[in-house]
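Everything on this sheet refers to the single structure shown next.
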Number of protein chains: 2
Amino acid sequence: MKVLSKSSEYGLRALLYLVGNSSGQEYVSIRELSEQLDISFHFLTKILQSLTHAEILISYRGPNGGIAFKIPPEKIMLSDVVRVLEGDDFFNTCLLGLPGCGAQAPCPMHQFWKEIRGALKQEFENTSLASMGHTALLSSLRLGP
Amino acid sequence: MKVLSKSSEYGLRALLYLVGNSSGQEYVSIRELSEQLDISFHFLTKILQSLTHAEILISYRGPNGGIAFKIPPEKIMLSDVVRVLEGDDFFNTCLLGLPGCGAQAPCPMHQFWKEIRGALKQEFENTSLASMGHTALLSSLRLGP
DNA sequence: CGGTTTTAGGAGTATTTTGTCTTAAATTAA
DNA sequence: TTAATTTAAGACAAAATACTCCTAAAACCG
Ligand code: SF4
Ligand code: SF4
């Protein structure tokens, strides 16, 4: 079951690392992130660029540059992140991949899927990066327990 | 959010069609399925082959041949189907894509993800093809409401 | 038997996702 | 000012997924 793309996975891991390892307003370099989390530097750079464009992060070039949160991680919900990295209709997809779904004549899977999808959405919308990240040990973001 | 691969989507749609449109032990040809559901014939053939190998379907060649349920659709759970088409650890994946996860030192997403994943699994394991398919209008499997 | 219909199986192609590389621009510091 | 460091941006390559095509094998029908 692949809910998130690699981009989202990497993005989330980077953000959680940032929560746990940046004290205040310092910039953390993408190089450090990529090495500590074992993610391709260039690939991660692009992912974080998207988050910078989306005003979740700010970036700064040059020595001692890097990225930092633009808004406090207490106010960044998981749903904000995945909406940027997966697209706006992330929580609105059909289980069977059919286009143009409404409520007029739902297919037999609709009710079932709508509930699951809704629970996931709600959970993502109520969970902040800070609430996940304050316990984020580096090791747990590298290889899984 | 893409939970199922195309193979699973097509496989499920075909099975649901079968529930709604096969009276008893008749074979339904893959050609009919592919045309009615607008799925590539050759691609669908392979997907259904997997389900035949897994003993969910039986197939028969030659004129008036096709596929049919080997076990009654009341006893085929959604989880049985996706396990065949997505692999055995479909309900056991990590949200962050990290390998080798246990419970020793769960990462900050674990509890949250475990619950969502568990709900989905339970729902799939308790829902039979028959219970979804008996209301499956053809149109609802073609384009979505 | 020979021709037709149907699934089986495998090779090959196309598209999407993921990852790499190269160059440019901004910033710092010597 | 020059060199070093860092993000930005886009072209390119590799891998995974999705799809197509061709030939075989089984079953049927005349
Ligand atoms: S009604 Fe059916 S086709 Fe529409 S979103 Fe729900 S599952 Fe998908
Ligand atoms: S503990 Fe973390 S790494 Fe392990 S399965 Fe759960 S979310 Fe994934």
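Below, all heavy atoms of this structure are taken into account, side chains as well, without hydrogens, waters or symmetry copies.
Aromatic ring pairs are classed by plane angle as parallel below 30°, tilted from 30° to 60° and perpendicular above 60°; the pair B/F43 and B/Y10 is perpendicular.
Taking atom CD of B/Q49 as the reference point, atom C1' of D/dA24 lies 12 Å away to the nearest angstrom. Nucleotide C/dT17 holds its C1' atom 18 Å from the NE2 atom of A/H42, rounded to whole Å. Between A/N64 atom CG and C/dA26 atom C1' the separation is 14 Å, expressed in whole Å. As a whole-Å value, the separation of B/I58 CD1 from C/dT7 C1' is 13 Å. What separates CZ of A/R31 from P of C/dT20 is a distance of 12 Å, to the nearest Å. What separates CG of B/L51 from P of C/dA8 is a distance of 11 Å, to the nearest Å. For the pair A/L48 CG and C/dG19 P, the interatomic distance rounds to 14 Å; values are reported in whole Å. Spacing between atom CZ of A/F41 and atom C1' of C/dT23 amounts to 13 Å, rounded to whole angstrom units.
Residue A/S59 has its side chain nearest to D/dA8 when only C/dT20, D/dC21, D/dA8 are considered. Each of C/dT18, C/dT7, C/dG19 was ranked by its minimum atom distance to the side chain of A/S5; first place goes to C/dT18.
Checking B/S8 against B/E86 by side-chain atom types alone, a donor-acceptor pair falls below 3.5 Å.
Contact annotation: B/H53 side-chain N/O to C/dG9 OP1/OP2 distance is under 4.0 Å.
Heavy-atom distances to DNA chain C give each of A/K2 and A/P63 a nearest nucleotide, and the one nearer the 5′ end belongs to A/K2. For A/Y10 and B/R61, each mapped to the nucleotide of DNA chain C holding its nearest heavy atom, the one lying further toward the 5' end belongs to B/R61. The nearest heavy atom of DNA chain D to B/Y60 and to B/K6 marks one nucleotide each, and the one closer to the 5' end goes with B/K6.
As judged by a 4.0 angstrom heavy-atom cut-off over every strand, B/Y27 is placed among residues making no nucleic acid contact. As judged by a 4.0 angstrom heavy-atom cut-off over every strand, B/S7 is placed among residues making no nucleic acid contact.
Side-chain atoms of B/D80 never come within 3.5 Å of backbone atoms of B/I76 as a donor-acceptor pair (strictly under, hydrogens ignored). Using a distance-only test at 3.5 Å, with no hydrogens or angles considered, no donor-acceptor pair links the side chain of A/S131 to the main chain of A/T127.
The environment of CG in A/N126 is crowded: more than 12 heavy-atom neighbours from other residues, nucleotides or ligands sit within 6.0 Å.
A/K46 contributes a side-chain N or O that forms a donor-acceptor pair with the base of D/dG10 under 3.5 Å.
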